Amino acid sequence: MSTVQISAADVNKLRQQTGAGMMDCKKALTETNGDFEAAIDFLRKKGAKVAASRQDRESKEGVVIARANEDGSKGVIIVLACETDFVAKNAEFIAFANAVANTAVQNLPANVEELGQLEIDLENSRVKIADAILDMTGKIGEKIGVTSYEVLVGEKVIAYIHGNFRLGVLVALSQNAAGADEAGKDVAMQIAAMNPIAVDKDGVDSSTIERELEIAKEQIRAEGKPEEMVEKIAQGKLNKFYKDSTLLNQEFVKDPSKNIAQFLNGVEKGLTVTAFKRVVLGA
């Protein structure tokens with residue numbers, strides 16, 4: 001037991017530094033004889049224990065942050081998950097998620113594990129993201145973590161967040177042309193709303209094509225069509241599937257008289273989408 005006198009000012013100072021509760025801060029200082037650095041470690045370990053004790057809890061709430069860098073050459077999407085909507089709406093939680101996304105887009109780590117090892121500015125100090133997450137877990141008392149991380153690199157990358165941080169989109173355009181930012185945002189909103197499975201039909205995997213053809217053929221046979229017509233009609237249904245499900249072939253939501261490919265070509269001749277990412281909270 002500590003013989004050092006722990007003042008209310010000391011407790012408050014530690015609380016300001018860590019965000020932990022008053023009683024937790026007092027206990028940490030008492031257990032560490034008033035050593036602030038050791039007390040911070042004590043609280044961090046407490047946070048780790050909280051995290052470990054909640055591993056079986058579901059963290060389906062949280063925020064999706066999509067972020068592109070200043071020149072639009074790369075972008076990231078991260079999901080910072082928590083257990084409750086109450087925490088997800090907390091300004092400090094959202095600010096932390098934005099800080100993680102900023103660090104990610106600056107460094108482009110290969111995966112979540114590498115992201116966790118990057119350092120972040122937090123309360124006037126440099127802290128590893130993984131440690132900061134443990135600190136926040138201990139402070140909030142919920143299971144918190146980065147559950148999704150996507151990267152996109154291209155000539156012009158646009159980021160879009162939809163639905164109060166519930167869905168994030170990155171879209172890469174083939175050129176950094178005049179009007180690319182506005183057009184990219186329109187396309188990102190299209191992706192958010194229509195959920196295409198690929199950029200165009202060449203991006204649809206063979207198993208999906210085979211499944212769609214098989215379903216179409218069964219439907220056609222069930223309608224009593226002659227067998228010699230089945231293949232031709234099935235191909236027609238597959239083309240309809242491409243039109244509905246691939247981005248460049250979809251009708252542009254803001255102007256159904258043209259598809260996305262036509263819309264982009266009208267912004268700048270040859271402008272197209274090279275790739276996109278779409279991440280939904282809880283998916």
Side-chain angles (χ1 to χ4, degrees), residues 11-29 31-32 35-67 69 74-151 159 161 165 168 279 281-282:
V11 173
N12 189 54
K13 180 182 175 183
L14 183 60
R15 183 173 184 271
Q16 292 298 319
Q17 287 183 358
T18 64
M22 294 290 285
M23 294 304 296
D24 287 334
C25 289
K26 183 175 181 180
K27 182 176 180 182
L29 287 166
E31 293 289 335
T32 58
D35 184 324
F36 271 82
E37 291 301 318
I40 290 170
D41 288 345
F42 179 91
L43 289 169
R44 188 165 283 169
K45 290 174 183 176
K46 181 178 183 294
K49 289 179 181 178
V50 171
S53 70
R54 302 186 75 84
Q55 286 306 304
D56 60 340
R57 302 293 292 266
E58 291 188 341
S59 51
K60 291 187 176 181
E61 290 295 334
V63 292
V64 183
I65 306 294
R67 181 67 36 80
N69 66 341
K74 55 190 178 181
V76 301
I77 300 176
I78 68 133
V79 176
L80 185 66
C82 58
E83 294 176 33
T84 65
D85 183 53
F86 177 78
V87 168
K89 291 179 178 178
N90 178 276
E92 184 180 354
F93 182 83
I94 296 169
F96 178 66
N98 275 297
V100 172
N102 288 340
T103 301
V105 81
Q106 290 164 10
N107 295 275
L108 290 194
N111 49 48
V112 172
E113 288 71 26
E114 286 190 13
L115 175 61
Q117 294 307 302
L118 296 176
E119 291 188 339
I120 194 170
D121 288 318
L122 199 65
E123 297 180 352
N124 300 316
S125 62
R126 296 287 290 174
V127 182
K128 284 185 178 180
I129 289 174
D131 290 338
I133 288 172
L134 283 179
D135 288 347
M136 185 165 284
T137 297
K139 177 180 176 181
I140 293 175
E142 285 195 8
K143 181 181 178 181
I144 292 168
V146 176
T147 56
S148 184
Y149 168 62
E150 297 286 348
V151 174
I161 301 172
F165 303 106
V279 175
L281 182 66

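These numbers come from the heavy atoms of this one structure, side chains and all, not from hydrogens, waters or symmetry mates. Treat the numbers as computed from the prediction; the structure is a model and nothing was measured.
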Undergrad: Passes side-chain contact (heavy atoms from CB on, under 4.5 Å), R44 versus D131? Steps please.
TA: CA-CA 8 Å; R44 188 165 283 169; D131 290 338; 4.0 Å; yes
Undergrad: Can you name the closest pair of heavy atoms from Q117 and A130 and give their distance?
TA: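 Result for this residue pair: NE2-CB, 4.5 Å.
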Undergrad: If I take atom SG from residue C82 and atom CD from residue E142, how far apart are they, to the nearest 0.5 angstrom?
TA: 5.5 Å
Undergrad: Ignoring hydrogens, what is the shortest heavy-atom contact between V151 and P109? Give both atom names and the distance.
TA: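 It is CG2-O, 4.4 Å.
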Undergrad: Is K46 salt-bridged to E31, cutoff N-O under 4.0 Å?
TA: no
Undergrad: Go through T103 and E119 one step at a time and tell me if the side-chain contact (heavy atoms from CB on, under 4.5 Å) criterion holds.
TA: CA-CA 8 Å; T103 301; E119 291 188 339; over 6 Å; no
Undergrad: Between Q106 and K74, which heavy-atom pair has the shortest distance, and what is it?
TA: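 Shortest heavy-atom contact: O-NZ, 3.8 Å.
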Undergrad: Test I129 against L115 for side-chain contact (heavy atoms from CB on, under 4.5 Å), laying out the working first.
TA: CA-CA 7 Å; I129 289 174; L115 175 61; 3.8 Å; yes
Undergrad: Atom CG of L108 and atom OH of Y149: how far apart are they, to the nearest 0.5 Å?
TA: 5.5 Å
Undergrad: List for me each residue that meets salt bridge (Lys or Arg N to Asp or Glu O under 4.0 Å) alongside E114, sequence neighbours excluded, and say none if there are none.
TA: none
Undergrad: Where do K139 and D135 land on the salt bridge (charged side-chain N to carboxylate O under 4.0 Å, His left out) test, with the steps shown first?
TA: CA-CA 6 Å; K139 177 180 176 181; D135 288 347; over 6 Å; no
Undergrad: Any chance you could lay out the side-chain contact (heavy atoms from CB on, under 4.5 Å) test for N90 and I140, step after step, and finish with the verdict?
TA: CA-CA 11 Å; N90 178 276; I140 293 175; 5.7 Å; no
Undergrad: How long is the gap from CG on D121 to CZ on R126, to the nearest 0.5 Å?
TA: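 Result: 4.5 Å between the selected atoms.
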Undergrad: What's the shortest heavy-atom distance between G168 and V64, and which atoms?
TA: N-CG1, 3.4 Å
Undergrad: Would you give the length of the straight line joining atom CG of L43 to atom CG of L14, rounded to the nearest 0.5 angstrom?
TA: 5.5 Å
Undergrad: Supply the atom-to-atom distance T84 OG1 to E61 CD, rounded to the nearest 0.5 angstrom.
TA: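 Here the rounded value is 7.5 Å.
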Undergrad: Check I120 against A132 and note the closest heavy-atom contact, atom names and distance.
TA: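 Scanning both residues completely, I find the closest heavy atoms to be CG2-CB, 4.5 Å.
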Undergrad: Consider side chain to side chain contact (heavy atoms under 4.5 Å, CB included). Of N98, I144, V100, I94, which one does L80 pass it with?
TA: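 Result: among N98, I144, V100, I94, I144 is the only option passing the side chain to side chain contact (heavy atoms under 4.5 Å, CB included) with L80.
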Undergrad: Could you point out which residue of I77, N102, I78 forms a side chain to side chain contact (heavy atoms under 4.5 Å, CB included) with R67?
TA: N102
Undergrad: Is the shortest side-chain heavy-atom distance between L29 and F42 below 4.5 Å?
TA: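 No, every pair of side-chain atoms sits at 4.5 Å or beyond.
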Undergrad: Please name the pair of heavy atoms, one in S59 and one in A81, separated by the smallest distance, quoted to 0.1 Å.
TA: O-CB, 3.5 Å
Undergrad: So how far is it from L281 CG to T147 OG1, rounded to the nearest 0.5 Å?
TA: 7.5 Å
